[in-house]
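Note sheet for the following structure.
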There are 2 protein chains.
Amino acid sequence: MRLSKRGEYGLRAMIALAEPDEQDGSPRMMQIKEIALREGISSKFLEQILLALKNNGLLHSKMGVGGGYYLAKPATEITLGQIFRVLDGPVAPVKCVSQMAYEPCGCPDEETCGLRLVMGDVRNAISDILDKTTLANVVKRQGSLRKKLGIK
Amino acid sequence: MRLSKRGEYGLRAMIALAEPDEQDGSPRMMQIKEIALREGISSKFLEQILLALKNNGLLHSKMGVGGGYYLAKPATEITLGQIFRVLDGPVAPVKCVSQMAYEPCGCPDEETCGLRLVMGDVRNAISDILDKTTLANVVKRQGSLRKKLGIK
DNA sequence: ATAAAGTCTATAATTTCAGTATACTTTTTG
DNA sequence: CAAAAAGTATACTGAAATTATAGACTTTAT
């Protein structure tokens, strides 16, 4: 049940972009290289990932000198589920319980297939978390932990 | 977040072995070919899978004429989590939240990494289901559904 | 005009997955 | 004791997915 590097890097980048700007707390704009450096990622790889997020309406960008990426919507309106699905596809462990990419699997009777029932539960449990957690939630959670530990 | 074929086939086979015998309801013994045919799986591939489950203490086998595989323990004592981990490895989406295969990931401060916090929740949600669901649970659930639908 | 940024597409390298192949051991039974 | 039926063990292969790298192009600020 692994999260791909693509998904991981994309989520990290989005979280970074959702952190409030140090000065004015305005929507933050960052360059690919800046994020790549900060997160220790190949900037060429990150480039593709951010582009995909942009083409799916989660990021906006500004070209040219002084350009960069920024969130397409407030951090309260972007969920980890949206990001995950753009980068890693469906959340469901098996296609026969997928909302976004249903396909029958091999079981003789899908309605009463025990494996399918359980995997449906797993799917729901995962999407319950991913679809209810916004970037704002994540940033807040990080922030209060950091405060508690007296870091940064 | 996909379940591999290896994991899927293994889980299906274990569920099949957990279904009560039609005659006497005794612990069921089945041959590789029998299971493979029933589930529509390559029997050579299934062979490897069952062997792995055996070597990890979840199955017993009898060699020679009239042999086959059977559950090493009562179906109430084998969880889907145990089976999953043998065949697909850790449940955790990222190594840094894995119980069985922890490894640091790239985040500068693991304690306050937002992604890690959320993925920890996901891990717990998945293992909550997989580790609490036994083969007996699955069989029972299938059975009552079938009864309800008047099947078989 | 130039440099700094993102865009786009192709391709390379690596790893994982799913499945095959083959030789071997154990057990039953005639 | 021989033969057949079962599991054991390990090696290998082909395809696909993943993770990257490369390079040529477009847009914008100065």
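In this text the structure is predicted, and so the values were computed from the model without any measurement. Throughout, a chain's letter reflects where its sequence line sits, starting with A, and its residues are numbered from 1. FYI, side chains are in, hydrogens and waters are out, and symmetry mates aren't considered; it's all heavy atoms of this structure.
- Per the geometry, CG belonging to B/L59 stands 14 Å off C1' belonging to D/dT8, to the nearest Å.
- With rounding to whole Å, B/Q48 atom CD is found 10 Å from C/dG19 atom P.
- A salt bridge links B/D121 and A/R141; the closest N-O separation between the charged side-chain nitrogens and carboxylate oxygens is under 4.0 Å.
- Taking 4.0 angstrom as the limit, B/S61 places none of its side-chain polar atoms (N or O) nearer than this to OP1 or OP2 of D/dA6.
- The side chain of B/Q31 sits closest to D/dA6 out of D/dA6, D/dT19, C/dA23.
- Checked for salt-bridge contact, A/E34 and A/R38 miss the test: no charged N lies under 4.0 Å from a carboxylate O.
- Here the nucleotide nearest the side chain of A/N55, chosen from D/dG7, C/dC8, D/dA20, is C/dC8.
- Here the side chain of A/F45 is nearest to one of C/dT26, D/dA20, C/dT28, namely D/dA20.
- As a whole-Å value, the separation of B/K5 NZ from C/dG19 C1' is 13 Å.
- The separation between B/Y69 atom OH and C/dT27 atom C1' is 15 Å, rounded to whole Å.
- By the neighbour-count criterion of 12 heavy atoms within 6.0 Å, atom NZ of B/K140 is sparsely surrounded, having that number or fewer from other residues, nucleotides or ligands.
- Rounded to a whole Å, the CG atom of B/L51 is 19 Å from the P atom of C/dA23.
- Look at B/S42 and you'll find a side-chain N or O under 4.0 angstrom from OP1 or OP2 of C/dT20.
- Sequence order on DNA chain C of the closest nucleotides to A/M30 and B/S4 puts A/M30 first from the 5' end.
- We find that CG of B/L53 is positioned 14 Å from P of D/dG7, with the value rounded to whole Å.
- The backbone N or O of A/T79 lies less than 3.5 Å from a partner atom in the side chain of A/Q82, making a donor-acceptor pair.
- When distances are taken from the side chain of B/V65 to each of D/dG7, D/dA29, D/dA5, the shortest belongs to D/dA5.
- For A/R2, the listed nucleotide lying nearest its side chain is D/dT19; candidates were D/dT19, C/dT28, C/dA23.
- Scanning atom types as modelled, no donor and acceptor separated by under 3.5 angstrom connect the side chain of A/E34 and the base of C/dA5.
- Residue contacts for A/I32: at a heavy-atom cut-off of 4.0 Å it reaches the sugar-phosphate backbone alone, with no base atom in range.
- One atom, OH of B/Y9, and another, P of C/dG19, lie 4 Å apart when rounded to the nearest Å.
- Nucleotide D/dA6 holds its P atom 7 Å from the NZ atom of B/K33, rounded to whole Å.
- Looking at A/R12, its side chain never comes within 3.5 Å of a backbone N or O of A/E39 through a donor-acceptor pair.
- The nucleotide whose nearest atom lies closest to any side-chain atom of B/K44 is, among C/dT25, C/dT7, D/dA9, D/dA9.
- Within the nucleic acid shown, B/K62 comes within 4.0 Å of sugar-phosphate atoms alone, with no base atom in reach, counting heavy atoms only.
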